[in-house]
Participant: 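Here it is, the structure in full.
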Amino acid sequence: MTSQLGLRARLTLFVTAVFALAMSIASVVVLKAVEDDLVDNTRNNAETVLGTYLESIYGGTAGVGVVDAADTTRFFYRDIDGNEISEEAYFESIATRLDSEFAELFEPPHDELTDGSIEEDGFFSIQLDPDTGELLDPSGSVVSFAIGPEPVGEPHPVDLGDDLVAVAQTLAFSDGATVEVGVSSPLKAVTDSLDAIRRLIWIAVPALVAAI
């Protein structure tokens with residue numbers, strides 16, 4: 001009888017240990033799969049926002065990247081050396097390559113772009129549409145590139161730190177100048193979701209092991 005109880009106890013401990021190990025491995029695998037899926041979704045969202053902007057640029061429309069004020073996704077710009085530049089500096093780099101009909105009539109702004117109008121020697125004012133980022137002449141027509149920029153390679157990931165996912169596209173102009181435009185999205189939502197899953201696992205796994 002004592003031998004039977006000893007065997008049962010050893011078998012129970014063995015099964016419990018195997019179960020605990022299996023649950024631990026499964027938890028790690030599930031967490032990794034969820035993390036990869038959430039990060040991929042965040043990256044896909046950034047790529048979608050960037051792609052929409054690039055479509056307008058390739059179509060010849062000059063402007064800056066615009067996102068909803070409540071959106072955590074943000075545009076960023078970098079020069080040929082990979083140094084981040086301001087929205088104003090990016091705007092200046094593309095404004096010098098506008099349709100010649102407009103290029104001679106104004107200079108790129110040095111104030112906040114959201115101020116609205118740009119005036120040059122009293123000829124006319126060009127408006128920056130805050131909703132679309134497009135440049136509009138006084139009649140409301142969109143100001144376009146004489147020769148639009150061409151993409152260099154494909155959109156590529158950019159390292160802006162562990163708390164951000166970022167993707168960017170290099171643009172080349174006909175005069176050989178290049179500039180990089182990108183979109184970044186924070187990973188806070190991903191981190192918060194993973195923390196919630198970890199807390200659930202810390203409760204569920206010990207409870208299941210205790211039940212075994």
Side-chain angles (χ1 to χ4, degrees), residues 39-40 42-69 71-120 125-137 142-188:
V39 171
D40 285 344
T42 304
R43 181 179 294 105
N44 290 339
N45 178 65
E47 290 177 349
T48 298
V49 174
L50 177 61
T52 300
Y53 172 72
L54 291 176
E55 285 179 5
S56 67
I57 288 290
Y58 299 155
T61 301
V64 297
V66 174
V67 292
D68 187 274
D71 199 337
T72 55
T73 299
R74 290 291 178 265
F75 276 87
F76 64 92
Y77 312 96
R78 307 204 302 182
D79 61 21
I80 191 172
D81 298 318
N83 300 314
E84 191 160 344
I85 59 177
S86 67
E87 187 179 60
E88 288 83 357
Y90 170 73
F91 181 84
E92 290 184 20
S93 74
I94 66 172
T96 57
R97 299 168 178 87
L98 294 179
D99 190 310
S100 59
E101 178 183 350
F102 301 101
E104 297 176 355
L105 297 177
F106 79 102
E107 293 179 355
H110 295 277
D111 298 320
E112 291 296 325
L113 296 181
T114 53
D115 286 349
S117 64
I118 306 160
E119 295 186 358
E120 175 67 9
S125 63
I126 292 180
Q127 300 290 327
L128 177 70
D129 189 324
D131 296 323
T132 65
E134 297 174 335
L135 295 177
L136 307 177
D137 68 16
V142 176
V143 179
S144 62
F145 286 108
I147 300 178
E150 296 290 332
V152 178
E154 297 292 330
H156 53 275
V158 176
D159 184 7
L160 296 182
D162 294 337
D163 57 343
L164 289 172
V165 164
V167 60
Q169 174 67 59
T170 301
L171 303 176
F173 296 91
S174 57
D175 59 4
T178 62
V179 68
E180 190 175 70
V181 57
V183 172
S184 65
S185 292
L187 289 174
K188 187 178 186 307

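This is a predicted model, so every value here is computed, not measured.
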Participant: Kindly indicate whether the side chain of Val165, heavy atoms from C-beta on, has any atom under 4.5 Å from the side chain of Ser184.
Facilitator: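 Result no, sub-4.5 Å side-chain heavy-atom pair not found.
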Participant: Given 3.5 Å as the limit, does a donor-acceptor pair link the side chain of Gln169 with the main chain of Gly182, or not?
Facilitator: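 Checked: no pair found.
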Participant: Looking at every non-hydrogen atom in both residues, tell me the closest pair between Glu87 and Gly65 and how far apart they are.
Facilitator: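 Answer, listing the atom of Glu87 first, then Gly65: OE2-O, 4.1 Å.
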Participant: Under the rule for ring-ring contact (aromatic ring centres under 6.0 Å, His included), what residues qualify as partners of Tyr77, not counting sequence neighbours?
Facilitator: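 ring-ring contact (aromatic ring centres under 6.0 Å, His included) list for Tyr77, sorted by chain: Tyr90.
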Participant: Looking at side-chain heavy atoms only, is the closest gap between Val183 and Tyr53 below 4.5 Å?
Facilitator: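 Not in contact.
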Participant: Among all residues two or more places apart in sequence or in another chain, which pass the salt bridge (Lys or Arg N to Asp or Glu O under 4.0 Å) test with Asp163?
Facilitator: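 Salt bridge (Lys or Arg N to Asp or Glu O under 4.0 Å) list for Asp163, sorted by chain: empty.
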Participant: With a 3.5 Å distance limit and no angle check, can you tell me whether Asn83 reaches the backbone of Asp79 through a side-chain donor-acceptor pair?
Facilitator: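 Here the side-chain-to-backbone pair does not exist.
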Participant: After noting the C-alpha distance and the side-chain angles of Ser185 and Thr73, does the key distance pass the side-chain hydrogen bond (donor to acceptor under 3.5 Å, both in side chains) rule?
Facilitator: CA-CA 5 Å; Ser185 292; Thr73 299; 3.2 Å; yes
Participant: Could you tell me whether the side chain of Val181 reaches within less than 4.5 Å of the side chain of Leu171, counting heavy atoms only?
Facilitator: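 Side-chain contact under 4.5 Å: yes.
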Participant: Do Ile80 and Thr170 touch side chain to side chain, with heavy atoms closer than 4.5 Å?
Facilitator: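 Answer no - side chains too far apart.
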Participant: With heavy-atom distances below 4.5 Å as the criterion, would you say the side chains of Val179 and Phe173 are in contact?
Facilitator: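 Result yes, sub-4.5 Å side-chain heavy-atom pair found.
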Participant: Could you tell me the separation between the CD atom of Glu150 and the CD1 atom of Ile57, rounded to the nearest 0.5 Å?
Facilitator: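 So the CD of Glu150 and the CD1 of Ile57 are separated by 12.0 Å.
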Participant: Has His156 got a side-chain atom pairing as donor or acceptor with Val167's backbone, closer than 3.5 angstrom?
Facilitator: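 Side chain of His156 to backbone of Val167, a donor-acceptor pair under 3.5 Å: no, none is there.
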Participant: Working to the nearest 0.5 Å, report the span between CG of Leu50 and CG of Asn45.
Facilitator: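 Going from CG on Leu50 over to CG on Asn45, the span is 11.0 Å.
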Participant: Would you mind reporting whether Thr42 and Leu187 have side-chain heavy atoms less than 4.5 Å apart?
Facilitator: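 Answer yes - side chains close enough.
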Participant: Glu47: what forms a salt bridge (Lys or Arg N to Asp or Glu O under 4.0 Å) with it, not counting sequence neighbours?
Facilitator: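 Applying salt bridge (Lys or Arg N to Asp or Glu O under 4.0 Å) to Glu47 gives none.
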Participant: Could you check Leu160 against Phe76 for side chain to side chain contact (heavy atoms under 4.5 Å, CB included), going step by step and ending with a plain yes or no?
Facilitator: CA-CA 10 Å; Leu160 296 182; Phe76 64 92; 3.8 Å; yes
